[in-house]
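Inspection log for the structure reproduced underneath, given as structure tokens.
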Protein chains: 2
Amino acid sequence: MAGQPQRIAQTLRQQIFDGSHAAGARLAEIPLAEALGVSRTPVRLALAQLEAEGLILAAPGGGFLVRRFTLAEVEDAIAVRGQLEGMAARLLAEQGLSPAARHALDACLAAGDEALGAPTLDAAALASYGEMNDRLHAIILAGSGNAALARALGAVTALPFAAASALVPHEGSRAARHELLRHAHRQHHLLVEALAAGQGTRAEALMREHAENARHNLRLILAAGEATIIHPA
Amino acid sequence: MAGQPQRIAQTLRQQIFDGSHAAGARLAEIPLAEALGVSRTPVRLALAQLEAEGLILAAPGGGFLVRRFTLAEVEDAIAVRGQLEGMAARLLAEQGLSPAARHALDACLAAGDEALGAPTLDAAALASYGEMNDRLHAIILAGSGNAALARALGAVTALPFAAASALVPHEGSRAARHELLRHAHRQHHLLVEALAAGQGTRAEALMREHAENARHNLRLILAAGEATIIHPA
DNA sequence: ATGTAACGGATTGCATGCAATCGCCGGCCG
DNA sequence: CGGCCGGCGATTGCATGCAATCCGTTACAT
């Protein structure tokens with residue numbers, strides 16, 4: 001049972017994302033500890049971790065506040081993700097795709113083609129696409145072989161809706177989402193092509209542009225009114 | 001007295017950097033608490049923060065180990081810093097230098113010229129250059145107006161010798177260091193020129209290359225045998 | 001002699017106690 | 001009637017207690 005703070009932090013993250021703790025709300029230790037059935041000590045550890053991730057801010061006079069994110073901040077985070085994932089793609093292209101990596105990426109492309117093939121997306125296909133998307137991005141990141149890059153990326157994708165996996169979940173306009181995913185997956189194909197050809201600069205540019213999809217998706221989400229902690233200031 | 005964990009974390013960072021805690025050494029709570037004259041609770045908070053920064057790793061069976069950094073890892077971190085600071089420079093160039101920013105950067109350039117002007121560098125000039133260097137990089141980062149970028153950069157420069165300010169401190173060959181600093185400052189001039197001209201891509205490329213100085217400096221440090229936690233594996 | 005299993009010490013991790021601090025409300029004075 | 005001061009409640013932050021776990025050691029059996 002070595003990970004009680006981890007579990008608590010995950011629970012709080014979830015609750016912040018789904019709106020159980022509204023933006024700007026104060027997080028006090030005692031109510032949280034009671035609600036979760038643990039003591040204040042692990043709760044404090046979890047809060048410290050969330051503060052390090054940037055999800056909450058230390059309040060004047062102690063305690064923490066759920067941070068409010070503006071649309072501009074999330075868009076900035078998405079741009080940084082593009083810059084970092086672009087670097088990963090460039091590094092991978094420059095050092096050459098291993099046969100194993102090539103095979104894994106091709107499998108991702110095929111899985112994406114399969115998931116998006118139907119005229120309309122059902123929940124299973126959507127989940128499948130999301131899993132594939134995560135895997136593809138993870139392969140490129142790992143393939144770059146740069147641990148510092150992974151750390152920096154983690155610091156940025158801790159923000160809600162900044163991660164690549166945030167492409168999928170919204171409900172908004174289903175047709176618009178399908179179109180967006182088709183476009184994104186076409187970019188996946190081009191990206192793998194560039195990686196396999198050792199075209200580092202092209203791979204970097206493609207990946208940077210690929211991240212812009214998240215911006216469009218974010219606007220769809222906001223238009224649908226589903227984001228609870230983003231403020232389009 | 002609201003920041004005891006912060007103070008402890010800073011002390012531990014210092015002790016890790018100067019070798020008081022060797023790489024691979026185990027950090028136990030009780031000895032640390034006794035040595036610092038505090039209880040185990042704030043020590044635990046400080047250790048959690050250092051773990052989040054990546055300086056220490058959770059050991060199997062509890063406790064923490066001082067992380068060992070290989071030369072390759074630090075070089076990777078430097079490359080990531082170049083990518084991120086390059087982005088900051090590009091953003092700043094694209095949105096245009098404000099008169100205030102232009103003035104502040106010119107002041108940095110002048111201060112650097114002054115510090116490096118003498119045929120040999122004394123300690124005061126070195127400190128002055130270091131302060132100027134920090135300021136210049138901070139101005140560019142702040143000028144980009146991208147908070148996520150600052151966060152990602154912070155995650156990377158937490159590693160020893162990866163930050164821009166790591167250019168200065170080593171003793172090694174004084175002549176080589178002076179030459180390195182002159183070269184770096186010449187790049188500062190070019191960089192400000194590109195920023196003022198709105199040349200985003202040029203500014204980004206210059207900044208990326210500028211970070212490579214840290215790699216050369218790192219090798220000088222290693223050659224002088226001053227790095228205690230870097231392992232040239 | 002070697003492998004195994006049980007014992008002992010040490011350390012972590014969580015729970016709780018206690019003092020200090022901060023914000024807030026009511027009352028009092030100008 | 002408004003502003004200021006004092007006391008009160010709540011909350012944080014640190015210290016310590018206690019149980020659980022893990023590692024190392026040793027004794028024993030094969």
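Computed over heavy atoms, backbone and side chain alike; hydrogens, waters and symmetry mates excluded. Since we're looking at a predicted model, the values are computed, not measured. Throughout, protein chains are lettered first and strands after them, A, B, ... in sequence-line order, and every chain is numbered starting at 1.
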Rounded to whole Å, how long is the line connecting atom [atom1] of [X] with atom [atom2] of [N]?
{"X": "B:Leu65", "N": "C:dT12", "atom1": "CG", "atom2": "P", "answer": "11 Å"}
{"X": "A:Leu27", "N": "D:dG13", "atom1": "CG", "atom2": "P", "answer": "13 Å"}
{"X": "B:Arg40", "N": "D:dT16", "atom1": "CZ", "atom2": "P", "answer": "10 Å"}
{"X": "B:Ile30", "N": "C:dA10", "atom1": "CD1", "atom2": "P", "answer": "10 Å"}
{"X": "B:Leu45", "N": "D:dT12", "atom1": "CG", "atom2": "C1'", "answer": "12 Å"}
{"X": "B:Arg7", "N": "D:dG13", "atom1": "CZ", "atom2": "P", "answer": "15 Å"}
{"X": "B:Glu34", "N": "D:dC14", "atom1": "CD", "atom2": "P", "answer": "18 Å"}

Review point. Within the distance-only criterion (no hydrogens, no angle test), does the side chain of A:Thr11 pair as donor or acceptor with the backbone N or O of A:Arg7 below 3.5 angstrom?
Key: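 Yes, the answer is positive, given that a donor and an acceptor are paired below the 3.5 Å cut-off.
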Any idea which of [options] is nearest the [X] side chain?
{"X": "A:Pro42", "options": "D:dC14, C:dC14, D:dT12", "answer": "C:dC14"}
{"X": "A:Arg26", "options": "C:dA15, D:dT11, D:dT16", "answer": "D:dT11"}
{"X": "A:Gln4", "options": "D:dG13, C:dT12, C:dA15", "answer": "C:dA15"}
{"X": "A:Glu29", "options": "D:dT12, C:dT12, C:dA15", "answer": "D:dT12"}

Exercise for review: Report yes if at least one side-chain N or O of B:Ser39 is closer than 4.0 Å to OP1 or OP2 of D:dC14; otherwise report no.
Suggested key: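 For D:dC14, OP1/OP2 do not have a side-chain N/O of B:Ser39 under 4.0 Å.
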Review point. Mind checking whether A:Leu149 and B:Asp76 have side chains closer than 4.5 Å, heavy atoms only?
Key: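 Sidechains of B:Asp76 and A:Leu149: no contact.
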Point to revise | Validation row: B:His137, B:Arg81 side chains within 4.5 angstrom (heavy atoms) | key: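 Sidechains of B:Arg81 and B:His137: in contact.
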Review point. So how far is it from A:Leu27 CG to A:Leu50 CG, rounded to the nearest 0.5 Å?
Key: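 Here the interatomic distance stands at 8.5 Å.
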